[in-house]
Amino acid sequence: MNKRPIILLLSILLSTAARVSAQDIASIAKSDPLIISGAIGTQNTFYSTSSGMGYASPLSTSLYANLNINVYGISMPFSFYYTGDNTSFSYPKFSFNISPTYKGWTLHLGQRSMSFSPYTFTMPFNGVGIEYRAKKMGLRFGAFYGNLRKAVNADPTDPASRNPMYRRTGMGVKVGYGTSSSYLDLYVFRGKDHLNSIDDYWHDQLFAQENVAVGLRGRLALGSHFSLSGNFGTSVFTTDLTSEIPDVDIVHKYENYYDIRFSSLARFAGDVAFNTNWKYFSASLYYRLIQPDYTSLGVSYITNNYQSLGINLGTHVGRLSLNGNLTAQSDNLDGKQLYTTRGYVYSANASLPFDCGLHLTAGYNGYMQKQYDGMAIVPDSSRIHRSTSSYSFTPSYEFTTTNTNNNISLSANYTTNEDLNPNATGESDVQTLAIGAGYSLSVIPIETSFSFNYSHQQSDGYNSQYSTDIYSLSSSRAFLQSKALSASLTLSLISNTMAGSGRNTSVGGSMGVGYTLHEVHSFSFSASYNRYANINIVEEAYMPSNRYSDIMCSLSYNYTFNAISIKRQTEEKMKENKKKYVITSDFTKAAREERRLKALERQSQGGPRK
């Protein structure tokens, strides 16, 4: 007897009973008992180019179908997709993901996540967890245990095998107390790789790891305008579980909790901030330090070996809002890097809206980087000392008349990237200017919208200058009384110029038409044409003989359906018609008749527009 169909059916049935995403038990009882819906469709594309470097097939056809079964909020999607020689079918894989809640309690089962300290644990786990949080932000705690990643047991004899990975498990506990203004939370996380989860062949090439991280996060309100907040973490990280355990007293003291080995490292990370908040002003002074090699197996990635000190300022006077930031950064805390890098990040932004529809925003962003000696001496001729500055101004104006809605937007940005090394020749210096303008118009009587956009970008470098101008004009409109028919048209022109290499120009256009029949059948057609010169304007100047063209057309159809819906009615509706559930389907005779009557009604309301 072939057991594969039985196993497949069993996994789908188990999925039906168990696959819930963050579902509350109370919400399950209030969900609709059954909804079966889906869609089928096709897309067909024709593509042609005269350049000989096409990025798509000349003719392509795809067919798709999907079905979704929803039982009391539990969703099971099925899908089928065909294109060319490729056919795929997917069904709900067996999984058990549920987070039911009851009062202040939450139970996590399956692929879940819990909020921990950013220095201890930030990734999802596949296992079991529990959390409790009082309504008034009093006592709270949580715990979890589960897999952080699956084992990849690669075949040593297969040169094309995947990179092996140990199975990694993790467990964590957190407890805290306080309110939103003052609180203290403690986090403990432990992660470990399992040596026996992959072949012994890999043990000498891939080291199994272990880690314990402890985090502390808190906030203390100092009156009504000041507060002090901090977030700290310490981690003991073992890079090789096969390394020996030292025979010393301090190691034996903690052997019941953690095996400290010759490959174990203890590191610290943390940040602290002093904050003040007033009616028209707010500020925050903060400091962060992450020691070299700080690692937690519960954090996917963390930048270490650096420190930063900064200040944030914000104020608003009437409608005017102002914000600023200044941060100083430095790496190579242990002095073991060849070089030390220090940087300064600074920004200032302003926003001013007016009742008349005018809105002004301006900003400045800058960064300065400088290189210093580390274990090696930096030669003056190659020492990094760079500065980047960006200035922006973006006004916009929106207004309405009796028959139109209008929006005008402008933008300007100027960026400089400069090498400040006294020995620099300026070859890497670049200045870029980008300006833009846009105007959108909606004509209410004819229900048609238009838009025009222009942008110019110019970059000046060492003995080089490059500029691009882009113009685009588009329009769209919906037709018929039901707005079931829509059409759009876009025209564009792009002009590229490089000093010494001439100019090339590209023109293009696209159009689209869409029609919806009986609210379930959707037809769409789109076409585009582009004519452009040789792309590599550095190699050749613009010449008419170097022009190419692309044509693309696409025809699509989509049908969405409600196979059956058993929906729970509101209390008011139940009192009105004495029915607890309403059953509907697109395939019943009544549904077909209702769609026919709606179509006749739309036709009778049609005709020429006044």
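Within the 4.5 Å cutoff, side-chain heavy atoms of L34 are placed close to those of I564. Within the 4.5 Å cutoff, no side-chain heavy atoms of F452 are placed close to those of S440. Using a 4.5 Å heavy-atom threshold, the side chains of Y559 and V520 count as touching. P33 is listed as a side-chain neighbour of Y581, based on a closest heavy-atom distance under 4.5 Å. Residues S475 and T448 meet the side-chain proximity criterion, which asks for heavy atoms closer than 4.5 Å. Looking at heavy atoms from C-beta onward, N323 lies out of side-chain contact with N325 at the 4.5 angstrom threshold.
Listed by first and then second residue, the side-chain hydrogen bond (donor to acceptor under 3.5 Å, both in side chains) pairs involving residues 507-517 amount to none (not counting sequence neighbours).
When all heavy atoms of S99 and H108 are compared, the closest pair comes out as OG-ND1, 2.9 Å. Closest heavy-atom contact between A563 and F587: CA-CE1, 3.7 Å. Of all non-hydrogen atoms in S565 and N562, the two that sit nearest each other are OG-OD1, 2.6 Å. When all heavy atoms are compared, the tightest approach of A487 to F479 is CB-CE1, 4.0 Å. The two residues N403 and P445 have their closest heavy-atom pair at O-CD, 3.3 Å. When all heavy atoms are compared, the tightest approach of T404 to V443 is CG2-CA, 4.5 Å.
Here the CD1-CG distance, from I470 to L493, works out to 10.0 Å after rounding to the nearest 0.5 Å. Note that the OG atom of S37 and the CG atom of L67 stand 7.5 Å from one another [nearest 0.5 Å]. Atom-to-atom distance recorded for N496:CG and T468:OG1 is 4.0 Å, nearest 0.5 angstrom. Between F125 atom CZ and L148 atom CG the span is 9.5 Å, to the nearest 0.5 Å. The CG atom of N406 sits 5.5 Å away from atom OG1 of T401, with the distance rounded to the nearest 0.5 Å. The OG atom of S300 sits 10.5 Å away from atom CZ of R149, with the distance rounded to the nearest 0.5 Å.
Listed for the S50 side chain is a donor-acceptor partner under 3.5 Å among the backbone atoms of S549. At distances below 3.5 Å, not a single donor-acceptor pair connects side-chain atoms of T45 with backbone N or O atoms of S554. Judged purely by atom type and a 3.5 angstrom limit, R477 uses its side chain to pair as donor or acceptor with the backbone of I446. Panel note: side chain T42, backbone S62; a donor-acceptor pair is recorded below 3.5 Å. Side chain of T400 to main chain of N405: no donor-acceptor pair is present (N/O by atom type, distance under 3.5 Å, no hydrogens or angles).
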Compile the donor-acceptor pairs under 3.5 Å between side chains in residues 429-437 and protein atoms, sequence neighbours left out, one pair per line.
from	atom 1	to	atom 2	distance (Å)
D429	OD1	D419	N	2.8
T432	OG1	S459	OG	3.4

Derivation and outcome, side chain to side chain contact (heavy atoms under 4.5 Å, CB included), residues Q457 and Y466: CA-CA 8 Å; Q457 179 171 314; Y466 177 78; over 6 Å; no
Take Q569 and K580 through the side chain to side chain contact (heavy atoms under 4.5 Å, CB included) test and state the conclusion after the steps. CA-CA 6 Å; Q569 292 205 93; K580 189 175 182 180; over 6 Å; no
Residues N417, T415; criterion side chain to side chain donor-acceptor pair (under 3.5 Å); working and verdict: CA-CA 7 Å; N417 192 327; T415 302; over 6 Å; no
Report the C-alpha distance between Q369 and T388 in whole Å, list the side-chain angles of each, state the deciding distance to 0.1 Å, and finish with yes or no for side chain to side chain contact (heavy atoms under 4.5 Å, CB included). CA-CA 9 Å; Q369 182 185 36; T388 300; over 6 Å; no
Dump the intermediate steps for side chain to side chain donor-acceptor pair (under 3.5 Å) on S451 and S474, then the final yes or no. CA-CA 5 Å; S451 65; S474 61; 2.5 Å; yes
What verdict does the side chain to side chain contact (heavy atoms under 4.5 Å, CB included) test give for Y454 and D469, after you've listed the backbone C-alpha separation in whole Å, the side-chain angles of each residue and the deciding distance to 0.1 Å? CA-CA 7 Å; Y454 167 74; D469 294 275; 2.7 Å; yes
Start with the C-alpha distance between T394 and H359, add both sets of side-chain angles, then the distance that settles side chain to side chain donor-acceptor pair (under 3.5 Å), and finish with yes or no. CA-CA 8 Å; T394 55; H359 193 172; over 6 Å; no
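When the shell of 6.0 Å around OH of Y344 is examined, it contains 12 or fewer heavy atoms from other residues, nucleotides or ligands.
With hydrogens and angles left out, the side-chain atoms of S476 and S449 include a donor and acceptor closer than 3.5 Å. A donor-acceptor pair shorter than 3.5 Å cannot be found between the side chains of N365 and S390. Between the side chains of S455 and N453, no donor-acceptor pair is found at a separation under 3.5 Å. Counting only N and O atoms by type, the side chains of N147 and R168 include no donor and acceptor under 3.5 Å apart. Side-chain contact of S428 with R386: a donor-acceptor pair under 3.5 Å is present, judged by distance alone. Checked by atom type, the side-chain pair N530/D550 shows no donor-acceptor distance below 3.5 Å.
Ring geometry for F523 versus Y557: interplanar angle of 30 to 60°, hence tilted.
Under the 6.0 Å cut-off for aromatic ring centres, F399 and Y397 qualify, their centroids lying closer than that. Aromatic pair F393/Y391: centroids not less than 6.0 angstrom apart.
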